[in-house]
Amino acid sequence: MPKRGKKEEVSGAEPQEDGNEPEVKKGKKGAGKAAKEPEPVVLYEDAPDNLTSDDGKKYTLKISSWNVDGIRAWIKKQGLNWVREEDPHIMCLQEIKCAEKLLPPEIKDMPEYPHKYWACPDEKEGYSGVAMLCKDKPLNVTYGIGIEEHDKEGRVITAEFDSFFLIAAYVPNSSRGLVRLDYRQRWDVDFRAYLKGLDSKKPLILCGDLNVAHQEIDLKNPKTNKKTPGFTPQERQGFGELLAEGYLDSFRELYPDKPSAYTFWTYMMNARAKNVGWRLDYFVLSKALRPALCDSKVRSKIMGSDHCPITLLMAI
């Protein structure tokens, strides 16, 4: 079956984890020059969900993922209403920025998902953190990747199910001035080794904010962002090396040439309305799961965060 379909000057850079926005360089003054015509806004249109795999099997598993940029604010913005409407079997959240003991009862006691798992930083309140909400109980759940340097920031939850592992991750940002780029490269190597260990046992699904736009098609302004966190050659290479180990970027597998499909927009300069964004959120699959892939969706119209949710449909 053939594959389905294959920042206005804003850098569109990912907000830093200290809460600061990246600097936007001012353009040169052009005395006497005519004002530049604004580019037409090109919005992403999410096609109807494809509910079957290539061989005609109907989906049996729906997973959604969303960087909520603070779970308490996201709940106030009615984020849970979308979760109930989308109704995934598993909901993964990143950047919850909340200790487990401070979680709002609206989500902590959410009856639709009786099995809830939280990974929060050891020391920094209001920083990082991931969650996984499941309708069915996993066989086993672990936290982190077994390396203290990485695990203290609350970035990974792994759930084992009968036929696959699900890893919910919030990959470290290289930060303003690329001050954490060296650390990010160590993370990439160690995380890749962790995934390979899991994949040797059963295939896996990796989801979350992976903090990289892999190809130029994955952000609005690639030329002006080559030294911006999330689009450095080192980070792009790291993601490419992950895929080369035997994994698929599910969205690009189905839509290799689809432009303007972004999942993050800076809050600055009306970037979201102009669709000046980045695709930072992914479902990555073991190649062994390719026959089960039905669809990989970007829910770009859904508000509540500086990221939008994404959804995976699998016949598994």
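Fair warning: this is a prediction, and the values are worked out from it, not measured in the lab.
Distance alone, capped at 3.5 Å, places no donor-acceptor pair between the K220 side chain and the K274 backbone. Of the possible polar contacts, none joining the Y262 side chain to the N275 backbone as a donor-acceptor pair under 3.5 Å is found. Looking only at distances, a side-chain donor or acceptor of D151 sits under 3.5 Å from a matching main-chain atom of G146. When atom types are taken as modelled, the side chain of S53 and the backbone of A315 share no donor-acceptor pair closer than 3.5 angstrom. Side chain of S286 to backbone of A288: no donor-acceptor contact under 3.5 angstrom is found. The backbone N or O of H307 lies less than 3.5 Å from a partner atom in the side chain of W66, making a donor-acceptor pair. Between the S305 side chain and the N67 main chain, a donor and an acceptor come within less than 3.5 Å of each other. No donor-acceptor pair under 3.5 Å is formed between the side chain of N211 and the backbone N or O of G230.
Remark: K108 NZ is packed, more than 12 non-hydrogen atoms of other residues, nucleotides or ligands lying under 6.0 Å away. In K101, the NZ atom is not crowded: 12 or fewer heavy atoms of neighbouring residues, nucleotides or ligands sit closer than 6.0 Å. Within 6.0 Å of NZ on K57 lie no more than 12 heavy atoms contributed by other residues, nucleotides or ligands.
Two residues are said to be in side-chain contact when any heavy atoms from C-beta on lie closer than 4.5 Å; K202 and F161 fail this criterion. Proximity of M314 to I63: side-chain heavy atoms (C-beta onward) are nowhere separated by under 4.5 Å. Side-chain atoms of D46 and K301, non-hydrogen and from C-beta on, never get closer than 4.5 Å to each other. The shortest distance between side-chain heavy atoms of L133 and I107 falls below 4.5 Å. Residues L178 and P229 are in side-chain contact: their nearest non-hydrogen atoms beyond the backbone lie under 4.5 Å apart. Looking only at side-chain heavy atoms (C-beta outward), I310 and F251 stay at 4.5 Å or farther from each other. Contact annotation: the side chain of Y59 never approaches that of D49 to less than 4.5 Å [non-hydrogen atoms, C-beta and beyond]. N173 places none of its side-chain heavy atoms less than 4.5 Å from the side chain of R180.
Hydrophobic cluster membership of V42, counting Ile, Leu, Val, Met, Phe, Trp and Tyr whose side-chain heavy atoms lie under 4.5 Å apart directly or via other members: none, as it forms a cluster of its own. Under the 4.5 angstrom side-chain criterion for Ile, Leu, Val, Met, Phe, Trp and Tyr, I217 has no cluster partners at all.
Both W74 and Y113 sit in one connected hydrophobic cluster of ILVMFWY residues. Membership requires side-chain heavy atoms under 4.5 Å apart, directly or through other members. The hydrophobic cluster containing L219 does not contain L181, counting ILVMFWY residues as joined when their side-chain heavy atoms lie under 4.5 angstrom apart, directly or transitively. Under a hydrophobic clustering in which Ile, Leu, Val, Met, Phe, Trp and Tyr are joined whenever their side-chain heavy atoms come within less than 4.5 Å, directly or via other members, L285 and L166 fall into the same cluster.
The stretch residues 184-195 participates, sequence neighbours left out, in these salt bridge (charged side-chain N to carboxylate O under 4.0 Å, His left out) pairs: E149-R186, R184-D188, R184-E235, R192-E241. Judged as a side-chain hydrogen bond (donor to acceptor under 3.5 Å, both in side chains), the pairs with a partner in residues 75-91 (not counting sequence neighbours) are, in order, Q78-N81, R84-E112, E86-R299, E86-T311, D87-K135. Within the structure, the ring pair (Phe, Tyr, Trp, His ring centres under 6.0 Å) test picks out the following pairs touching residues 224-246 (sequence neighbours left out): H214-F239, F239-Y282. The list of ring pair (Phe, Tyr, Trp, His ring centres under 6.0 Å) pairs with a residue in residues 136-160, not counting sequence neighbours, reads H150-Y183, H150-W187.
When every heavy atom of P259 is checked against every heavy atom of Y44, the shortest pair comes out as O-CD1, 3.9 Å. For Y247 against L242, the heavy-atom pair with the smallest separation is CD1-O, 3.0 Å. Summarising the geometry of C92 relative to C207, their closest heavy-atom pair is SG-SG, 3.6 Å, with the distance given to 0.1 Å. Across all their heavy atoms, Q94 and A169 have their closest contact at CG-O, 3.5 Å.
With sequence neighbours excluded, the residues satisfying side chain to side chain contact (heavy atoms under 4.5 Å, CB included) with L248 are E253, K287, R290. Residues satisfying the side chain to side chain contact (heavy atoms under 4.5 Å, CB included) test with N140, not counting sequence neighbours, are T142, E160. Checked against side chain to side chain donor-acceptor pair (under 3.5 Å), K226 has the following partners two or more places apart in sequence or in another chain: E216. For R272, the side chain to side chain contact (heavy atoms under 4.5 Å, CB included) criterion is met by W265, M303, C308, not counting sequence neighbours. Taking D249 as the reference, R279 meet the side chain to side chain donor-acceptor pair (under 3.5 Å) condition, with sequence neighbours excluded. Not counting sequence neighbours, K227 has no partner by the side chain to side chain contact (heavy atoms under 4.5 Å, CB included) test.
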Practice item. For the pair V141 and H115, evaluate side-chain contact (heavy atoms from CB on, under 4.5 Å) and give the outcome as yes or no after the intermediate values. Key: CA-CA 11 Å; V141 174; H115 310 288; over 6 Å; no
Exercise for review: Please report the C-alpha distance between V130 and V156 in whole Å, then the side-chain angles of each, then the deciding distance to 0.1 Å, and finally whether the side-chain contact (heavy atoms from CB on, under 4.5 Å) criterion is met.
Suggested key: CA-CA 7 Å; V130 294; V156 176; 5.8 Å; no
Exercise for review: Take L195 and I145 through the test side-chain contact (heavy atoms from CB on, under 4.5 Å) and record every step on the way to the result.
Suggested key: CA-CA 9 Å; L195 296 176; I145 64 173; over 6 Å; no
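A side-chain contact (heavy atoms from CB on, under 4.5 Å) with L312 holds for exactly one of D295, L293, L61; it is L293.
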